[in-house]
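Report on the structure given below.
Only a predicted model underlies this, so the values are computations on that prediction, with no experimental measurement involved. Here, residue 1 is the first one in the sequence, and each next residue gets the next number.
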Amino acid sequence: MDCRGMVFEERLDVALTAVSSRQVNQILLLLLVLTVCAILYNKVHQVPLTLRNETVDLESPEEMEEEIPVVICAAAGRMGAAVAAISSIYSNTEANVLFYIVGLKTTIPHIRKWIENSKLKEIKFKVVEFNPMVLKGKIRQDASRPELLQPLNFVRFYLPLLIQKHEKVIYLDDDVIVQGDIQELYDTKLAPGHAAAFSDDCDLPSTHEMIRSVGMQNTYMGFLDYRKQAIRDLGISPSTCSFNPGVIVANMTEWKHQRITKQLEKWMQRNVEENLYSSTLGGGVATSPMLIVFHGKYSSINPMWHIRHLGWSPDARYSEQFLQEAKLLHWNGRYKPWDYPSVHTDLWENWFIPDPSGKFKLTRPDS
């Protein structure tokens with residue numbers, strides 16, 4: 001083949017390539033136009049999801065609701081208390097509650113079986129193991145009320161370590177029942193810079209008569225030993241109204257930012273060394289360090305969300321009308337509603353669920 005033939009073939013190849021490229025571009029452009037038209041058509045003629053014959057992976061309304069994390073301890077010998085508290089919360093709300101049930105390694109299997117083999121099997125819950133070794137060297141031995149030295153009594157000090165994915169958390173002592181909607185308590189407003197909200201011991205006139213009748217303290221004088229220089233150096237008046245940490249609404253971000261756990265541990269260690277408070281005083285060994293660390297830096301809970309002292313005396317009672325109006329009842333004190341003697345046990349038993357294993361039994365006069 002001569003040079004002219006070769007040139008002709010090369011020109012033909014180039015021409016064919018150019019034509020082929022144009023065709024590809026035209027096809028791509030056509031596909032793009034068709035895609036845009038399809039999108040616009042679907043926008044205009046969108047079919048409701050309920051009419052489509054397809055499965056759409058959407059969250060249910062319950063899953064889209066904000067979770068309300070509620071922390072409750074399940075202690076050996078009083079596990080029925082946690083069950084009654086959980087039962088009362090679950091039965092009185094439509095909110096999306098996630099229960100964090102905290103226990104020691106030896107008690108976790110029992111509480112899990114109790115829940116899974118009762119009507120509570122429908123609740124959302126996580127079981128969290130608390131390692132008591134974190135308390136080593138931080139608790140002063142005290143024989144007057146040894147039950148107050150149980151490791152789970154200090155779980156409230158370590159909330160951010162146990163509950164990590166939530167901004168706001170509710171902590172409840174196990175000896176409570178909830179008669180209101182827990183959503184109301186969760187909606188408690190915390191002021192900027194406050195890591196927690198509590199109920200003041202002076203906040204409700206209806207409880208003052210109860211306090212006087214059984215000789216309880218409702219000021220810092222009843223919890224801290226003002227004979228000690230370290231306590232006087234705090235500059236807190238002994239007549240300052242105390243609060244009860246059996247019901248807490250906590251802001252985890254502020255708690256961590258202010259290093260609340262470290263502050264509480266510091267005062268626990270100082271108490272071991274200097275005996276700054278003890279269970280012979282009004283609130284035992286868990287309340288006192290919280291009174292120190294949170295002094296003047298906490299928000300208030302609606303008083304009706306923490307009606308307490310029901311376990312302080314087997315004789316002193318509130319009026320039935322007052323108790324019916326209460327949102328939360330707390331049997332703080334020695335006289336628990338699962339034991340005898342105790343008061344207002346009928347209100348507590350309404351929510352108690354018998355132990356399927358038969359290990360936990362109520363103590364009653366005829367038992």
Side-chain angles (χ1 to χ4, degrees), residues 68-75 78 81-82 85-86 89 98-104 107 111 126-135 138-140 145 147-164 166-176 178 182 185-186 188 190 194-201 223 242-269 271 277 279 282-295 297-301 305-306 308 311 328 330-333:
I68 298 179
V70 177
V71 180
I72 297 179
C73 294
R78 51 189 288 165
I86 292 169
I89 295 168
L98 174 59
F99 293 97
Y100 285 86
I101 303 170
V102 186
L104 301 182
T107 61
I111 189 65
K126 294 182 180 180
V127 175
V128 182
E129 180 183 342
F130 182 68
N131 186 351
M133 289 304 295
V134 299
L135 300 172
K138 302 181 181 73
I139 301 178
R140 184 182 183 88
R145 287 195 66 185
E147 74 274 12
L148 296 177
L149 304 179
Q150 296 302 314
L152 295 181
N153 203 28
F154 300 92
V155 162
R156 72 199 86 193
F157 291 9
Y158 297 94
L159 292 178
L161 302 181
L162 299 169
I163 316 300
Q164 298 178 354
H166 300 283
E167 169 73 11
K168 197 175 186 181
V169 172
I170 294 173
Y171 167 87
L172 299 177
D173 276 354
D174 61 355
D175 51 354
V176 308
V178 173
I182 198 72
L185 181 61
Y186 185 74
T188 298
L190 275 68
H194 286 178
F198 306 99
S199 240
D200 282 323
D201 285 331
F223 296 85
S242 54
F243 59 79
N244 186 296
V247 177
I248 307 172
V249 180
N251 181 313
M252 293 293 92
T253 300
E254 279 296 334
W255 193 293
K256 289 181 282 190
H257 176 70
Q258 298 179 31
R259 299 171 62 84
I260 296 296
T261 298
K262 288 295 183 185
Q263 292 188 58
L264 292 167
E265 288 184 325
K266 181 190 80 171
W267 284 103
M268 291 169 74
Q269 290 168 333
N271 183 59
Y277 50 84
S279 61
V285 293
T287 299
S288 300
M290 298 196 84
L291 290 176
I292 295 172
V293 171
F294 284 101
H295 173 254
K297 294 182 292 185
Y298 66 90
S299 298
S300 295
I301 289 173
W305 268 100
H306 196 177
R308 48 205 177 277
L328 181 147
H330 188 185
W331 279 262
N332 58 312

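The two residues I301 and A197 have their closest heavy-atom pair at CD1-O, 3.3 Å. The two residues P245 and M290 come nearest to each other via the heavy atoms CB-SD, 3.5 Å. Contact between C73 and A82 at its shortest, heavy atoms only, is O-CB, 3.4 Å. Residues V285 and Y277 come closest through the heavy atom pair O-CE1, 3.6 Å. For the pair I111 and A74, the tightest heavy-atom approach, listed with the atom from each and the gap, is CG1-CB, 3.9 Å. Taking all atoms of both residues into account, the shortest heavy-atom contact from A85 to I72 is CB-CD1, 4.0 Å.
Counting heavy atoms from C-beta outward, L291 and S242 have side chains that approach closer than 4.5 Å. A 4.5 Å side-chain heavy-atom check between L98 and I68 finds every atom pair outside the cut-off. Using a 4.5 Å cut-off on side-chain heavy atoms (C-beta onward), I101 and I86 make contact. Side-chain contact check for Y158 versus E265: some heavy-atom pair is nearer than 4.5 Å. Side-chain contact between D173 and N332: absent, with no pair of heavy atoms (C-beta onward) separated by less than 4.5 Å. The shortest side-chain heavy-atom distance between E254 and H194 does not fall under the 4.5 Å cut-off. A 4.5 Å side-chain heavy-atom check between V247 and L328 finds at least one atom pair inside the cut-off. At a threshold of 4.5 Å between non-hydrogen side-chain atoms, the residues V155 and L152 count as touching.
Contacts of T107 classified as side-chain hydrogen bond (donor to acceptor under 3.5 Å, both in side chains), with partners at least two apart in sequence or in another chain: none. In terms of the ring-ring contact (aromatic ring centres under 6.0 Å, His included) criterion, H257 has no residue partners (sequence neighbours excluded). Applying the side chain to side chain contact (heavy atoms under 4.5 Å, CB included) criterion to A81, with sequence neighbours excluded, gives D174, W338.
For Y100 and H166, the ring centers sit closer than 6.0 Å to each other.
For the pair K126 and F99, the cation does not sit on the ring face, since its NZ or CZ is not both under 6.0 Å from the ring centre and inside 45° of the axis.
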Give the intermediate values and the outcome of ring pair (Phe, Tyr, Trp, His ring centres under 6.0 Å) for residues F243 and Y298. CA-CA 10 Å; F243 59 79; Y298 66 90; 4.7 Å; yes
Walk me through it: do L159 and V71 pass the test side-chain contact (heavy atoms from CB on, under 4.5 Å)? CA-CA 9 Å; L159 292 178; V71 180; 4.3 Å; yes
Intermediate values then yes/no, ring pair (Phe, Tyr, Trp, His ring centres under 6.0 Å), F294 and W255: CA-CA 11 Å; F294 284 101; W255 193 293; 5.7 Å; yes
Evaluate the criterion side-chain contact (heavy atoms from CB on, under 4.5 Å) for residue pair F154 and M268; output intermediate values, then yes/no. CA-CA 11 Å; F154 300 92; M268 291 169 74; 3.9 Å; yes
Does I292 form a side-chain contact (heavy atoms from CB on, under 4.5 Å) with L264? I'd like the steps, not just the answer. CA-CA 8 Å; I292 295 172; L264 292 167; over 6 Å; no
Under the side-chain contact (heavy atoms from CB on, under 4.5 Å) criterion, do D200 and S300 qualify, and how do the steps go? CA-CA 7 Å; D200 282 323; S300 295; 3.9 Å; yes
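Under a 3.5 Å cut-off, the side chain of K168 and the backbone N or O of P69 do not form any donor-acceptor pair. Of the possible polar contacts, one joining the R156 side chain to the N153 backbone as a donor-acceptor pair under 3.5 Å is found. With hydrogens and angles ignored, the 3.5 Å screen pairs a side-chain donor or acceptor of Q263 with a backbone N or O of Q258.
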